[in-house]
Structure formats: C-alpha cells, structure tokens
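Input: a single structure, listed below in structure tokens.
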Amino acid sequence: MTYYLVRRPRLDLAGMSLMLIGLGVLPIMVALIGNMEGLDATERQGFCGSCHTMDMWIEDANDPDSASLAAIHSRTHKFGGKSCYVCHKDYGMFGYALTKLGGMGHVYKFLSEWMWYDRDEIIEKIHIARPFKNENCMQCHSTTGAIWSGVQDHHGLVDDLRNGETSCVSAGCHGYAHPFSKPEEETPSADEVHTALDAPAPEGT
Amino acid sequence: MSPKARLKKFFDTASRSKLMVYACVLGLIALALMSWSLFDQGWIPVMAAMSLGQGIGTLSFMLFIAIVIMDLRKAEFRPSIPPAPEEPRDD
C-alpha cells in the first residue's frame with residue numbers, strides 16, 4: 001500500500017495482484033489474528049483492570065494478604081490471570097456472547113458515567129448488575145464432593161444453594177467476593193468469611 | 001436519480017487511481033489500528049481494532065473490489081479460439 005502511494009505503479013494484472021495482497025489478504029489475516037488475540041485479551045484480568053474504576057477490585061484480587069474470595073480465587077493458578085472472567089462469565093448456552101454483550105454494557109456505562117468518578121465515589125456507585133449466580137461457583141464446587149458435603153452448614157441448604165435461593169457469597173456464608181466494596185455492617189469478619197474453607201485441599205469440593 | 005443509476009454512474013466515471021489511493025490510505029489506517037491491539041491490550045486498542053479498525057479495513061477492501069468491477073466492465077473479452085477462416089467462394 002505504501003509502495004503504491006509512493007511509486008504509483010500501473011494497475012495492470014501484476015499491480016492489481018500485488019494490491020490484492022496488500023488490501024485483501026494481509027488485512028484479513030491481521031483481522032483474524034487480531035480477533036483471536038483481542039477476544040482472548042478481553043478475558044484477562046488486565047483488560048478488566050484497564051479502566052480506573054476497577055483499580056480497587058484488581059488491587060484486592062492481587063493482594064497476597066487479602067482473605068477475600070476474589071483474592072483467594074485469583075491466587076489459584078488454574079485461572080488466576082482470568083479470575084474476573086471465570087467467576088463473572090455467563091455459563092449458559094450463549095454464555096460467551098452474552099458475557100461479551102454485558103461487557104459492552106460496561107463500556108457504555110464507563111463512557112457515559114463511571115469515567116467521571118474518582119475512587120471514593122466509585123465504591124458508592126458501582127455494584128454488580130445482577131445478583132451473583134451460585135451456578136458460577138458450582139462450575140468448580142459441584143456441591144457433591146465429600147469435603148463440601150462434610151460441612152455442617154451445607155446440609156440443610158443443598159437445594160437452596162443449587163437453585164440459587166441462598167447465595168454462596170452472602171454475608172452469613174462465605175462473605176462477599178469483594179468485601180471492601182460493601183458497607184461495614186454487611187461485611188463479615190475475616191474469621192466468619194472462611195471458616196468453611198479450612199479444609200486442607202480444594203479437591204472434592 | 002435511483003441508487004442503481006447512481007452506482008452505474010459511479011462505476012462509469014470514478015477514477016481508478018484515486019480510488020486506489022483512498023483504499024491504500026484506509027487500509028494503512030486499518031492495519032495500524034488492528035496491529036496496535038496486538039501490542040497494547042487495554043480496552044481502547046482492543047475495541048478500536050475490533051470495531052473501527054475492521055470497519056475501515058472492510059471499506060478499504062470494498063474500494064479495491066469496486067476498482068476490480070470497474071476493470072471488468074471495461075475489459076474486452078476476446079475468445080481464445082480464433083474464428084474459422086472464411087470458406088473460399090467458388091465463382
């Protein structure tokens with residue numbers, strides 16, 4: 001393309017073939033690679049954290065001393081780099097597309113409103129769009145394993161947890177995934193948050 | 001003027017070299033946007049590449065296709081088999 005702009009060769013068969021490579025084959029290949037890389041990038045924590053509104057959430061998730069659910073899960077090497085996406089994505093049939101649509105909603109909200117907030121305002125204004133689904137926890141914690149079933153508090157709640165009537169991430173249970181963003185009175189103490197996670201290994205949960 | 005007539009007029013009168021310049025400039029912008037997202041994967045470059053970059057790239061390719069259509073409209077298609085020589089007349 002630059003060659004054409006500088007040298008202006010004749011547009012005969014050879015010239016047109018060269019331009020087909022420059023204007024057709026090359027951009028299509030770059031677009032395909034860009035799409036694959038771009039879609040993969042949208043799943044990474046760095047992408048979610050590239051808006052300043054998410055700074056505190058990312059800082060907490062990556063804090064080695066934090067006991068929040070987000071931090072504990074982000075330390076899991078299986079999906080640490082994609083922890084926001086793995087926990088918040090929609091696992092339904094059209095989950096990928098719906099998750100991306102939800103992301104577009106976030107972009108709209110950011111451009112129209114959130115980008116004007118500073119850190120203190122963000123904490124008050126931003127909240128999850130829909131209640132967090134237990135289904136997302138159950139992608140890994142199947143609720144059928146021996147360790148999970150061995151926790152006394154789970155016994156009476158199995159059905160409620162599976163159909164989503166009781167949230168795994170409520171104050172009385174495992175606590176909020178991002179407790180720093182909740183008002184003090186709603187946040188359980190560090191002892192309360194992970195009493196159920198004292199089990200030695202995550203296998204069979 | 002109907003859209004069809006407008007299109008016909010465009011293919012009859014537009015300058016191929018000018019269109020190619022536009023296609024090249026747009027193609028370079030599209031490539032720059034799409035390549036930027038490969039090196040910086042923040043939300044602005046990624047979204048710019050996957051929307052604006054691909055849109056501009058498609059427009060550039062459409063201009064190239066328009067030039068090809070213009071060429072084909074003006075091309076003279078000659079049969080590859082020459083016509084049979086005329087039979088000598090018996091006078």
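Hydrogens, waters and symmetry mates play no part in the numbers below; they use all other heavy atoms, side chains included. Proteins get letters first, then strands, A, B, ... in listed order; numbering begins at 1 in each. This structure is a prediction, so every number in the text was calculated from the model and none was measured.
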Worksheet item: Do Y117(A) and H52(A) pass the ring pair (Phe, Tyr, Trp, His ring centres under 6.0 Å) test, and can you show the C-alpha distance, the side-chain angles, and the key distance before you say yes or no?
Response: CA-CA 9 Å; Y117(A) 296 154; H52(A) 77 281; 8.8 Å; no
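Using cut-offs of 30° and 60° for the angle between ring planes, the H73(A) and H141(A) rings count as perpendicular. Using bins of under 30°, 30° to 60° and over 60° for the plane-to-plane angle, the ring pair H178(A)/H88(A) lands in the parallel bin.
Heavy atoms closer than 4.5 Å to chain B are found in the side chain of L111(A), but not in its backbone. For a residue to count as touching a neighbouring chain, one of its non-hydrogen atoms must lie under 4.5 Å from one of that chain's; by this rule A30(B) does not touch chain A. Contacts between L5(A) and chain B at a heavy-atom distance below 4.5 Å involve the side chain alone, from C-beta outward. Proximity to chain A (any heavy atom under 4.5 Å) is shown, for S17(B), by both the backbone and the side chain. Only the side chain of Q54(B) comes within contact range of chain A, judged by heavy atoms closer than 4.5 Å. Interface remark: L38(B) contributes side-chain atoms only to the contact with chain A (heavy atom separation under 4.5 Å). Only the side chain of M47(B) comes within contact range of chain A, with at least one heavy atom under 4.5 Å from a heavy atom of that chain.
When the candidates G38(A), A31(A), G34(A) are compared by the number of heavy-atom contacts under 4.5 Å with chain B, A31(A) comes out ahead.
At least one cation-pi condition fails for K9(B) and F11(B): the charged atom is not both under 6.0 angstrom from the six-membered ring centre and inside a 45 degree cone around its axis.
Looking at heavy atoms from C-beta onward, Y96(A) lies in side-chain contact with K100(A) at the 4.5 angstrom threshold.
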